[in-house]
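Scope of the values below: all heavy atoms of this structure, side chains included, with no hydrogens, waters or symmetry mates. Quick note on labels: first sequence line is chain A, next is B, and so on, each numbered from 1.
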Amino acid sequence: MPELPEVETVRRSLAPLLVGRRIDRVVVGRADVVRSSFRRDRRAALGRGGVVEELVRHGKQLAFALRPAGAVHVHLGMSGQLFVTPPGAEPGRTDHVHVRWVLDDGSRLHFRDPRRFGGVWAYPSLEALRAERWERLGPDALDIRAPVLRAGLARSGRAVKACLLDQGVLAGVGNIYADESLFLARIHPLRPAASLSGAEVARLAATIRRVLCEAVAARGSTLRDFIDAEQRRGGQQDRFRVYGRRGAPCPACGRSLLSLTVAGRTSTICPSCQPNPGGSC
DNA sequence: CCTTAATCCTGGAAGC
DNA sequence: TGCTTCCAGGATTAAG
């Protein structure tokens, strides 16, 4: 479920609970959730003995960097959660908790992921993680600027929404915020990326920043199971303009919202605010 | 180049 | 009240 705003919400809520803490013990419930190829030292590989220095995010990817060395990368996939339980407290639910980090103050960090599309990777350093894994990602969507977005969309015959969802073009946007951004920018998701005018690309870049910023301020969206590090739900799901609202009136013009499939994903649009010059819908 | 479908999983909702 | 089917925030792979 998590897109950039949800991952950023986890990062912000996790940082004060984790930074400066030493990892005393790592308990792995399901080995296949640890997808790391770095096994030089299995204990160090999942951060044991390290002190958390900072939490970093790029797109939907999250990692904690450790002193004196090491980095742990977490991808939440569709149903992943990272939350901390205070010393002595019972965690709300322990089913599907695949990794537990026990910290030096007795608190515990849990990685819970029922669908197991997410995972945990270990790297010898943050630099190694960036070079080996984050290198392939496009610019972070939270501060995407028009010239950079234009470079990502130019010369592509793909549908603009397919490009927005491609993490190699733009890192952080998923199905929810792609629909929200395209609606507010008044661009049909099937428009060929290269057909967008300079003004449209500029509008889209500004809209993506606005939509993501707004969602971060609301602490993300909880459709079903998203929670932050303190197990709190997000609030942006009550403010969706089009996502998941097929048949409801367009918030701008009142016409009934439609859904179609783009890049294999359900997409909701307003047919009059987002006209498709080339197609019928 | 581009697109679709299948795949990895669980679980909630909807349909009968 | 079941039981079945479909669908979901992601990402990769293979096939057309």
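Between the side chain of A:T207 and the backbone N or O of A:R203, at least one donor-acceptor pair lies under 3.5 Å.
For the 3.5 Å distance criterion, the side chains of A:Q81 and A:H110 fail to qualify, holding no donor opposite an acceptor.
Residue A:Y243 contributes atom OH, which lies 13 Å from atom P of C:dC7 at whole-angstrom precision. With rounding to whole Å, A:L164 atom CG is found 14 Å from C:dA11 atom P. Distance, A:Q81 CD to C:dA8 P: 20 Å, rounded to whole Å. One interatomic measurement links the two molecules: CG of A:L165 to P of C:dG10, which rounds to 7 Å at whole-angstrom precision.
Distances shorter than 4.0 Å separate none of the side-chain N or O atoms of A:H75 from OP1 or OP2 on C:dG10. Listed pair A:H96 / B:dG11 meets the phosphate criterion, a side-chain N or O lying under 4.0 Å from OP1 or OP2. Here A:K60 does not reach the OP1 or OP2 of C:dG9: none of its side-chain N or O atoms lies under 4.0 Å away. Dashed line: the shortest gap from a side-chain N or O of A:T266 to OP1 or OP2 of C:dA8 is under 4.0 Å. Between B:dC2 and A:S156, a contact under 4.0 Å exists linking OP1 or OP2 to a side-chain N or O.
Ranking C:dA8, C:dG10, B:dT3 by closeness to the A:R224 side chain, first place goes to C:dA8. Taking the side chain of A:F226 as heavy atoms from C-beta on, and the options C:dG9, B:dC9, B:dT3, the nearest nucleotide is C:dG9. Minimum atom distance to the side chain of A:Q61 is reached by C:dA11, of the listed C:dA11, C:dG9, B:dT10. The listed nucleotides are B:dC9, C:dG10, B:dG12; the one nearest the side chain of A:R265 is C:dG10.
A:L204 places a side-chain heavy atom less than 4.5 Å from the side chain of A:V160.
Mapping A:R115 and A:Q167 onto DNA chain C by nearest heavy atom places A:R115 closer to the 5' end of the strand.
Judged by centroid separation below 5.5 Å and plane tilt below 30°, A:F117 stacks onto the base of B:dC8.
When heavy atoms are screened at a 4.0 angstrom cut-off, A:A162 is found touching no nucleic acid atom at all.
Across all strands shown, the partner of C:dC7 is B:dG11, judged by Watson-Crick or G-U wobble contacts whose two distances both fall under 3.5 Å.
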Begin from the C-alpha positions of A:F64 and A:W101 and carry the test ring-ring contact (aromatic ring centres under 6.0 Å, His included) through to its verdict. CA-CA 12 Å; A:F64 38 101; A:W101 291 265; 5.6 Å; yes
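When the shell of 6.0 Å around CZ of A:R133 is examined, it contains more than 12 heavy atoms from other residues, nucleotides or ligands.
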